[in-house]
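To keep things clear, I will list the structure first and then write my remarks on it.
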Amino acid sequence: MNTKYLEELNDAQNAAVIHTEGPVMIIAGAGSGKTRVLTYRIAHLLCMNVDAFHILALTFTNKAAKEMRNRIERIAGNEARNLWMGTFHAVFAKILRIEAERLLFPVNFTIYDTDDSRSLMKSIIREQALDDKLYKPEVILNRISAAKNNLYSWQDYQNNAQFIADDYASGKPKIAELFELYVKRCRRNSAMDFDDLLFNMYDLINRFPEALHKYQHKFKYILVDEFQDTNFVQYSILKKLAAAFENICVVGDDAQSIYAFRGANIRNILTFEKDYPDLKVFKLEQNYRSTKTIVNAANSLIEKNKTRLKKEVWTHNETGRKISVLRALSDNEEGMMVANSIFETRVNHQWHNHDFAILYRTNAQSRSMEEALRKMNIPYRIYGGLSFYKRKEIKDILAYFRLAINPDDEEALKRVINVPARGIGKTTLDRLVVTGAEQDRSAWSLITDSSNPCGVNSSTLQRLSDFALMIQGFSLKLKTESAYDLATYICTSSGLLRELYHDKTPEGLSRYENVQELLNGIREFVETGRSITPQGDPGINQDEGQVRTLEMYMQDIALLTDADEGDEKNKDTVSLMTVHAAKGLEFPAVFVVGLEENLFPSQLSLNDREDLEEERRLFYVAITRAEKLLTLSWATSRYRWGNLINCEPSRFLEEIDPEFLEEVSPRHPHSGNPVLEDHPAERWESRKYDRGRGNGSSRPIGTTQSVLKKVNTPEVRNFTGDDTSHIQPGMQVEHEKFGKGKVLLVEGNASDRKATICFNGFGNKQILLKYARLKML
DNA sequence: GGAGGCCTCGGAAGG
DNA sequence: CGAGGCCTCC
């Protein structure tokens, strides 16, 4: 390999790349080629004959890791596959599985996502008979999370007078106890939550010198992206891992730190300088992305922040157009103006839809934008929102998978023990919980205990043991069957697929398709042998030629939060997203909307200088996404929670040097507008946004329904029932949800009349005739 | 089991 | 306003 690639770098970038030994900090301004430097640096290490197995590269998102791996592969070829690269959580999860035994966890431990954590905390609060209005699961979990992220164990917490006093003062003295119970329950369930992946990683290398030594010598070179977003535990792990060689390179931009609200600490940048006195600092200040106007406007804004490092971002690019400021009379008009402007710019500059992005502070603002874009027949795509893996039907299936792999996973068990319905109701579940708490046993150990420890009646006992047998049957196949074969088997024999298949409502159809989509993804995983998550897998379970099992699949997706799109990139759509979601992206034309006081900056940021500064950095991130055209808009009134409110323009508009701004005179968007009608062809386009994982994340379902209603889609839902007054046993009927069936029995009078009907695939159901809309066949 | 009524609450979001 | 949670009722 030659080092010709170095010629593609400017002086500052080049210096940052070739200085490979010792601690390095790269302060990289927006659009200064940060990712480029990071990837070239890794390529350069490989060139210098550093073994890829000795390089650890950490990012915050799967997306960033994936992109970096691709780029390195392009420069460095296959050797890049052996890098340890991925998110903090993914890499540490991998290590924790290898080292699970030391921490007394089984290798097959489950990773709990925030929903699992919430559900577990909720049950604990209930079991403790605490008021869940006072002890809100999210609030308690936030407190626990903050503790873990600052390396306080539950014991530390209980011994910390300050924490105890704070909790007492806030009227929630039981938090310390809940912390302990939560940790113990996670362990009983053989589960770690997201914070545990970090906390336990630290614990591992802190308590086991052999483990520390092993990974210190494994990772001779450590690189960290988005360093400004690291929290205390992440920083502590990095410092320990790097202690042997001190070849640690961190890249970040203090001006783009927008996650302090969840524990990220910009001050890590300052601490880093203190911790490594011989630190070499490089500053990347030349911006390659944006026009002079945009770069200078951004500079004039961020100057208003007091907490920041010295850095002068500049560009050789053209001056470009001034930044347009639009004032609308309402949120709807704001949408119209933006849509109009996109329409015109597209024509005037011969641009594509995918050259445009609309960025907003809160998700709720997407509605007026969507409506306007639909009216103008401009295709768009919303990023963020309900992720594929967060959908109920997907979570149900994954819960079966999880249970097969780790039967102690009580959150998974509670989720599916009665899905589809198999007569194990609330009463039984309560008994399991109570007995479990009394005897400190997992629900699984209770339902597999034939001595009936919960004292349920014999038919329930039978149902429980049937369920346990079914799960055990799944577990037996884990090591032998491929992920796809077993997944299909589980979907079928659990009855999940059948239940979904019979649901012919549009939502039901969509759910069924999603399940098929999941199975397709698993098939692809098995057949291509390609990981969905980006980190390479030099450690475990990548034996070539070996069948890819469901366990491997679950490890692969455990830390995925949104379906990575990729193949949809060629779609020509306008991008809509929150400013947070736009971090790291760039577009030729950017609209930042809703620039009003109490919205952007958010109302909640106004009382605290630090919060306001974070809000300003957020706005800085927003405007530095733009390459050529930037438009800022605000409305003098908008609907908020059902009320029309008056709005003042954002202070941020005044903070940008006015020489870069240009007020666009309000022009009524209705005049001379060529396309304002609803276009029937479009509704299918809109509908598609809600489907499957192909779109990655999709639109909130509620919005889609309103779309369907609005354009008068032929009603699949409109299931008209017949008059059932003459219903008799033996008749064939059809039910909206359960499909066709035969009437077995009719009983009761008047409003109490109910029928027992045997449905194909659903068995006998008692239906109240007053309510069920039955079709007589 | 599920449909409907009532209440609550509303920030951005990585893994 | 609208989504989600909880309770009640048949």
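Just so it is clear, the values below take in all heavy atoms, side chains as well, and ignore hydrogens, waters and symmetry mates.
Between the CG atom of A:Asn332 and the P atom of C:dC1 there is a distance of 15 Å, given to the nearest Å. As a whole-Å value, the separation of A:Glu138 CD from C:dA3 C1' is 14 Å. Spacing between atom OH of A:Tyr389 and atom C1' of B:dG14 amounts to 17 Å, rounded to whole angstrom units. Remark: P of B:dA12 and CD of A:Glu610 are 21 Å apart, rounded to the nearest angstrom. Spacing between atom NZ of A:Lys66 and atom P of B:dG14 amounts to 15 Å, rounded to whole angstrom units. When the P atom of B:dG11 is taken as reference, atom CD1 of A:Ile258 falls 17 Å away, rounded to whole Å. Atom CD of A:Gln365 and atom P of B:dG11 are 11 Å apart (whole Å). The distance between atom CZ of A:Arg391 and atom P of C:dG4, rounded to the nearest whole Å, is 13 Å.
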Table of protein N/O atoms under 3.5 Å from nucleotides 5-10 of chain B N/O atoms:
unit_1, atom_1, unit_2, atom_2, d
B:dG10, N3, A:Trp641, NE1, 3.1

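Side-chain contact between A:Met577 and A:Leu585 is present, with at least one heavy-atom pair separated by less than 4.5 Å.
Comment: A:Asp331 engages A:Arg367 in a salt bridge, judged by a side-chain N to carboxylate O separation of less than 4.0 angstrom. Between A:Asp229 and A:Lys583 there is a salt bridge, since at least one side-chain N of the basic residue sits less than 4.0 Å from a carboxylate O of the acidic one.
Of the C1' atoms belonging to B:dA12 and C:dG5, the separation is 23 Å, rounded to the nearest Å. Taking atom C1' in both B:dG14 and C:dA3, the straight-line distance is 24 Å, to the nearest Å.
At a threshold of 4.0 angstrom between heavy atoms, the contacts of A:Asn418 are confined to the sugar-phosphate backbone, with no base atom among them. Looking at heavy-atom distances under 4.0 Å, A:Phe88 makes no contact with the nucleic acid at all. Residue contacts for A:Glu615: at a heavy-atom cut-off of 4.0 Å it reaches a base atom on one of the strands shown. Across all strands shown, A:Lys583 has no heavy atoms under 4.0 Å from either base or sugar-phosphate atoms. Counting any heavy atom pair closer than 4.0 Å across all strands shown, A:Arg640 reaches no nucleic acid atom. Here A:Arg126 lies in heavy-atom contact (under 4.0 Å) with sugar-phosphate atoms only. No contact: A:Asp113 has no heavy atom under 4.0 Å from any strand.
Not a single side chain to side chain donor-acceptor pair (under 3.5 Å) links A:Glu648 to another residue, sequence neighbours left out. By the side chain to side chain donor-acceptor pair (under 3.5 Å) test, A:Glu613 pairs with A:Thr307, A:Arg609, sequence neighbours left out.
Place A:Ile424 and A:Phe261 on DNA chain B by their nearest nucleotides, and A:Ile424 ends up nearer the 5' end. Residue whose closest nucleotide on DNA chain B sits further toward the 5' end, between A:Gly423 and A:Thr114: A:Gly423.
Screening residues 414-428 of chain A for salt bridge (charged side-chain N to carboxylate O under 4.0 Å, His left out), with sequence neighbours left out, gives A:Asp396-A:Arg415, A:Glu411-A:Lys414, A:Lys426-A:Asp430.
With A:Phe109 as the aromatic partner, A:Arg97 meets the cation-pi criteria of under 6.0 angstrom to the ring centre and within 45 degrees of the ring axis. A cation-pi arrangement is present between A:Arg381 and A:Tyr383 under the rule of less than 6.0 angstrom and at most 45 degrees off the ring axis.
Remark: A:Ser602, A:Leu604 in residues 599-608 of chain A come within less than 4.0 Å of DNA chain B through at least one heavy atom.
For A:Ala421, counting side-chain heavy atoms from C-beta on, the closest listed nucleotide (B:dG15, B:dG1, B:dA12) is B:dG1. For A:Thr61, the side-chain atoms get nearest to B:dG15 when compared with the rest of B:dA13, B:dG15, B:dG11.
Applying the 4.0 Å criterion to OP1 and OP2 of B:dG14, one finds that A:Asn231 has every side-chain N and O outside that range. Under 4.0 angstrom from either OP1 or OP2 of B:dG14 there lies no side-chain N or O belonging to A:Asn62.
Of the residues A:Val250, A:Asp253, A:Ile266, A:Leu58, the one that meets the side-chain contact (heavy atoms from CB on, under 4.5 Å) test with A:Phe227 is A:Val250.
Counted by atom type alone, A:Tyr112 and A:Asp196 present zero donor-acceptor pairs between their side chains at under 3.5 Å.
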Kindly list each side-chain donor-acceptor pair under 3.5 angstrom involving residues 131-138 of chain A, sequence neighbours excluded, with atom names and distances?
unit_1, atom_1, unit_2, atom_2, d
A:Asp131, OD1, A:Lys133, N, 2.8
A:Tyr135, OH, A:Lys174, N, 3.0
A:Glu138, OE2, A:Arg118, NE, 2.9

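Residue-nucleotide stacking is not present for A:Tyr259 and B:dG14, judged by a side-chain ring centre under 5.5 Å from the six-membered base ring centre and planes under 30° apart.
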